[in-house]
Amino acid sequence: MESLYIALGASVLALLFAVVTTRRILAEDQGNETMQHIAALIQQGAAAFLRREYTFLAVFVAVITVVLAVFIDYDVLDKFGEQEGNLVDLPRSAISYLVGGVASATAGYVGMYVAVRANVRTAAKARVGLNPALRVAFSSGSVMGMTVVGISLLCIVVLYMVFQHYTPLTGFAFGASSIALFARVGGGIYTKAADVGADIVGKVEAGIPEDDPRNPATIADNVGDNVGDVAGMGADLFESYSGSIVATMALAGVAVASAGDSVSAHGVFEAVDLGNYRDTAFVLPLLIAGLGIIASLVGTFLVRTSEDADMNRLLWALRTGVFASGGLVLASTAAVVVMMELDWGIFWAVLVGLVAGQVIGTATEYYTAYEYSPTKNLAQQAETGAGTLIIGGLGLGMMSTAVPLLTLCAAIWITYELAGLYGIALAAVGMLSTLGVTLASDAYGPVADNAGGIAEQAGLPAEVRERTDALDSLGNTTAATGKGFAIGSAVLTALALMVTYSQVTDIEVFNLLQVEVLLGLLVGALMPFIFGALTMSAVGRAAMAMVNEVRRQFREKPGIMDGSEQPDPAQAVAIATDGAIREMIVPGTLAVLAPIAVGVFVGPEALGGLLIGSIGAGSLLALMMANAGGAWDNAKKYIETGEFGGKGSEAHKAAVTGDTVGDPFKDTSGPALNILLKLMAIVAVVFGPLFL
């Protein structure tokens with residue numbers, strides 16, 4: 001019970017930190033009236049989008065809650081046996097699903113609320129110096145990070161203590177995953193439609209700078225950074241964090257049911273008491289997550305830099321916090337192993353998870369940051385046109401999948417030998433244990449990007465934009481590594497959930513020579529491509545509408561260019577909002593219905609094959625798209641530093657085209673695929689008994 005209280009206390013501490021940090025951010029200087037006006041437009045646009053998106057999601061959540069209450073909590077349980085734990089007469093899975101959905105949406109909203117207020121304050125601090133601007137931007141990211149881990153762990157611990165059983169928690173993970181998918185897809189479509197529209201008409205056709213106030217799509221682009229890269233990303237990683245914990249707890253319960261492969265068979269636990277919700281196997285992932293929160297809190301205070309810092313120093317300023325947090329997690333895990341007299345395989349599994357996450361992040365950084373040869377060589381290919389740049393980016397993206405995937409293979413093999421299936425899931429918990437600070441390093445990027453936009457539109461001195469650009473460039477690198485990190489943890493979590501599905505359905509082996517399994521595998525491998533096609537096409541259609549709107553305003557208001565007429569950013573924001581809400585429905589719904597349809601019409605064996613195929617194909621496609629997109633983006637930024645002709649050159653125009661292609665790769669389709677893998681797996685776990 002003490003472990004549960006430690007986890008509960010850590011989650012409350014994270015939320016208190018978020019509240020105090022938010023109050024401190026809001027007390028900072030907001031700059032002049034022009035800056036405040038621009039910031040207000042961004043705030044209004046972001047709030048309007050989330051209001052529309054959450055209205056749709058409320059209906060979706062209500063429908064699924066009813067379905068779970070009717071078919072899962074009653075019919076299935078009547079058919080397959082009485083529930084264990086507390087409050088068995090309540091629709092516990094439905095309640096957990098509702099809590100998961102609301103919690104995920106809340107985490108995304110809080111992060112966005114702070115981000116759209118921290119952007120103008122970061123710009124104001126950039127007038128003073130680089131370090132003050134970094135502190136405000138990073139603090140806003142830490143609010144996002146601590147809100148995500150605090151709300152997630154608090155809800156899981158409370159639900160677990162109330163229900164006194166792990167099975168209803170799969171409903172919580174389902175709620176978090178379904179909201180995350182819609183939030184990531186909807187936000188990604190919005191931000192990339194606005195970004196592509198602003199780039200094509202503004203930078204390429206009109207020849208005006210990025211974030212120029214004359215571009216009608218500039219405000220929509222700034223809004224998109226927040227609804228996609230903050231609210232969407234927050235919901236995404238909330239789902240990853242929650243899923244890893246729930247998957248580990250579920251494996252503790254179901255693995256012992258299999259005589260051929262139990263947790264105790266690897267010497268990790270002598271036994272697991274399924275009737276005791278305080279058993280170490282169940283509470284250990286909660287305890288490690290709680291210790292990770294405390295370690296992350298310490299890490300956030302270690303992020304500092306100097307005024308003359310270059311990109312490398314800025315990067316190490318963030319790494320100091322991340323590495324220190326990881327070291328504290330390992331030290332505290334070792335202490336837990338000693339005090340609770342556990343097998344040291346647990347410590348090594350957590351270590352492997354942390355190391356694997358760092359290796360994946362470093363490999364992603366190598367292939368996407370313009371300090372290294374792959375992206376420098378890609379930028380050079382822009383000298384011969386957009387065609388060679390696109391070819392080079394696709395090749396780079398494909399090659400970049402090797403190190404992360406082989407790292408995951410090594411991590412899976414090592415942790416299985418150390419602690420069995422439980423060890424694989426525990427590695428995902430270890431990988432995400434420092435999410436509070438790693439997400440802060442990721443979420444601060446959109447704030448810095450917005451700060452640069454506000455500086456440009458408000459006409460602030462050049463040195464202000466130089467400081468915000470330095471922070472923004474670093475944000476692109478941390479965002480790319482964050483995406484690789486999320487995809488890696490998604491594979492481990494999806495594998496754990498797939499094993500849980502096999503135990504729930506009592507299927508010991510998925511035989512690839514069985515036609516149902518083979519059909520399911522092929523459909524599963526197809527799903528990431530169909531999903532990616534739908535989201536890419538959605539961005540294309542929404543971007544076309546944005547491009548036509550910006551062209552219309554330039555055509556009908558020729559005075560925009562000389563300042564005698566003003567653009568209408570509200571219309572651009574409305575177009576991006578309508579397009580994103582409309583386009584997110586089909587891919588989001590498909591992700592939920594596809595595994596159910598396969599289970600109903602082909603059978604549970606086919607659904608197992610679907611999960612296998614989706615994990616294999618989806619992980620590779622997600623890595624390729626995220627890394628190719630990041631490399632195209634940073635190749636453009638490298639040219640903008642003055643290389644290969646600099647801004648306005650033919651190479652720069654080609655790089656802008658590459659970045660336009662890469663935007664939906666790295667910010668819409670790629671990141672959403674890791675949610676797809678886990679969502680289909682958790683749907684299979686929740687609905688699996690219906691298919692028998």
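Scope of the values below: all heavy atoms of this structure, side chains included, with no hydrogens, waters or symmetry mates.
- Between Phe282 and Tyr160, the ring-plane angle classifies as tilted under the 30° and 60° cut-offs.
- Taken to the nearest 0.5 Å, the OG atom of Ser242 stands 10.0 Å off from the CG atom of Leu169.
- Atom OG of Ser104 and atom CD1 of Ile179 lie 6.0 Å apart (nearest 0.5 Å).
- A side-chain donor-acceptor contact under 3.5 Å links Thr170 to the backbone of Thr167.
- For the residue pair Thr668 / Thr535, no side-chain donor-acceptor distance below 3.5 Å is found, with atom types taken as modelled.
- Between Ser433 and Leu354 the shortest side-chain heavy-atom distance falls below 4.5 Å.
- Remark: side-chain polar atoms of Ser332 are paired, donor with acceptor, to backbone N or O of Val329 under 3.5 angstrom.
- Under a 3.5 Å cut-off, the side chain of Thr401 and the backbone N or O of Met398 do form a donor-acceptor pair.
- Interatomic distance, Leu98 CG to Ile64 CD1, rounded to the nearest 0.5 Å: 12.0 Å.
- At most 12 heavy atoms of other shown residues, nucleotides or ligands fall within 6.0 angstrom of atom CG in Asp506.
- Other residues, nucleotides and ligands contribute at most 12 non-hydrogen atoms within 6.0 Å of the CH2 atom of Trp413.
- Looking only at side-chain heavy atoms (C-beta outward), Asp279 and Tyr166 stay at 4.5 Å or farther from each other.
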Pair Thr415, Leu426 - check side-chain contact (heavy atoms from CB on, under 4.5 Å), show working.
CA-CA 8 Å; Thr415 53; Leu426 198 62; over 6 Å; no

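- We find the OG1-CG distance between Thr438 and Leu237 to be 7.5 Å, quoted to the nearest 0.5 Å.
- Ring geometry, Phe182 versus Phe56: the interplanar angle exceeds 60°, so the pair is classed perpendicular (tilted spans 30 to 60°).
- Pro604 is listed as a side-chain neighbour of Ile507, based on a closest heavy-atom distance under 4.5 Å.
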Using the rule given for side-chain contact (heavy atoms from CB on, under 4.5 Å), can you reason through Met399 versus Tyr367, listing the C-alpha separation, both sets of side-chain angles and the distance that settles it, and then say yes or no?
CA-CA 9 Å; Met399 184 62 69; Tyr367 278 103; 3.6 Å; yes

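- Residues Leu159 and Arg92 form no side-chain contact, since every pair of their non-hydrogen atoms from C-beta on lies 4.5 Å or further apart.
- Residues Leu405 and Ser619 come closest through the heavy atom pair CD1-OG, 3.9 Å.
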Apply the test side-chain contact (heavy atoms from CB on, under 4.5 Å) to residues Val336 and Leu284: give CA-CA distance (whole Å), side-chain angles for both, the deciding distance (0.1 Å), then the verdict.
CA-CA 9 Å; Val336 167; Leu284 185 61; 4.2 Å; yes

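- Side-chain contact between Val61 and Tyr54: absent, with no pair of heavy atoms (C-beta onward) separated by less than 4.5 Å.
- In this structure, a donor-acceptor pair under 3.5 Å is absent between the side chains of Ser325 and Thr434.
- Under the 3.5 Å distance criterion, the side-chain polar atoms of Ser96 are matched with a main-chain donor or acceptor of Pro168.
- Across all their heavy atoms, Leu287 and Ser3 have their closest contact at CD2-OG, 3.8 Å.
- The nearest pair of heavy atoms linking Tyr501 to Ala684 is CD1-O, 3.2 Å.
- Contact check for Leu611 versus Leu677: no side-chain heavy atoms found under the 4.5 Å cut-off.
- Under a 3.5 Å cut-off, the side chain of Asn674 and the backbone N or O of Pro671 do form a donor-acceptor pair.
- For Ala591 against Leu181, the heavy-atom pair with the smallest separation is CB-CD2, 3.3 Å.
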Test side-chain contact (heavy atoms from CB on, under 4.5 Å) applied to Leu330 and Phe347, step by step
CA-CA 7 Å; Leu330 289 176; Phe347 170 82; 4.2 Å; yes

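- Using a distance-only test at 3.5 Å, with no hydrogens or angles considered, a donor-acceptor pair links the side chain of Ser502 to the main chain of Val499.
- Taking the side chain as every heavy atom from C-beta outward, Ser240 and Leu432 approach each other to under 4.5 Å.
- Between Arg184 and Asp667 the shortest heavy-atom distance is NH1-O, 4.2 Å.
- Of the possible polar contacts, one joining the Thr106 side chain to the Val102 backbone as a donor-acceptor pair under 3.5 Å is found.
- Here the side chains of Phe238 and Thr147 are not in contact, with every heavy-atom distance at 4.5 Å or above.
- Remark: side-chain polar atoms of Thr589 are paired, donor with acceptor, to backbone N or O of Ile585 under 3.5 angstrom.
- Atom CE in Met161 sits 10.5 Å away from atom CG in Leu286 (nearest 0.5 Å).
- Residues Val185 and Pro587 approach most closely at CG1-CG, 4.1 Å, considering heavy atoms.
- A donor-acceptor distance shorter than 3.5 angstrom exists from the side chain of Ser244 to the backbone of Tyr241, with no hydrogens or angles considered.
- Side chains of Tyr97 and Ser178: a donor-acceptor N/O pair is present below 3.5 angstrom, by distance only.
- Interatomic distance, Leu396 CG to Thr368 OG1, rounded to the nearest 0.5 Å: 8.5 Å.
- Phe691 CZ: more than 12 foreign heavy atoms inside a 6.0 Å radius.
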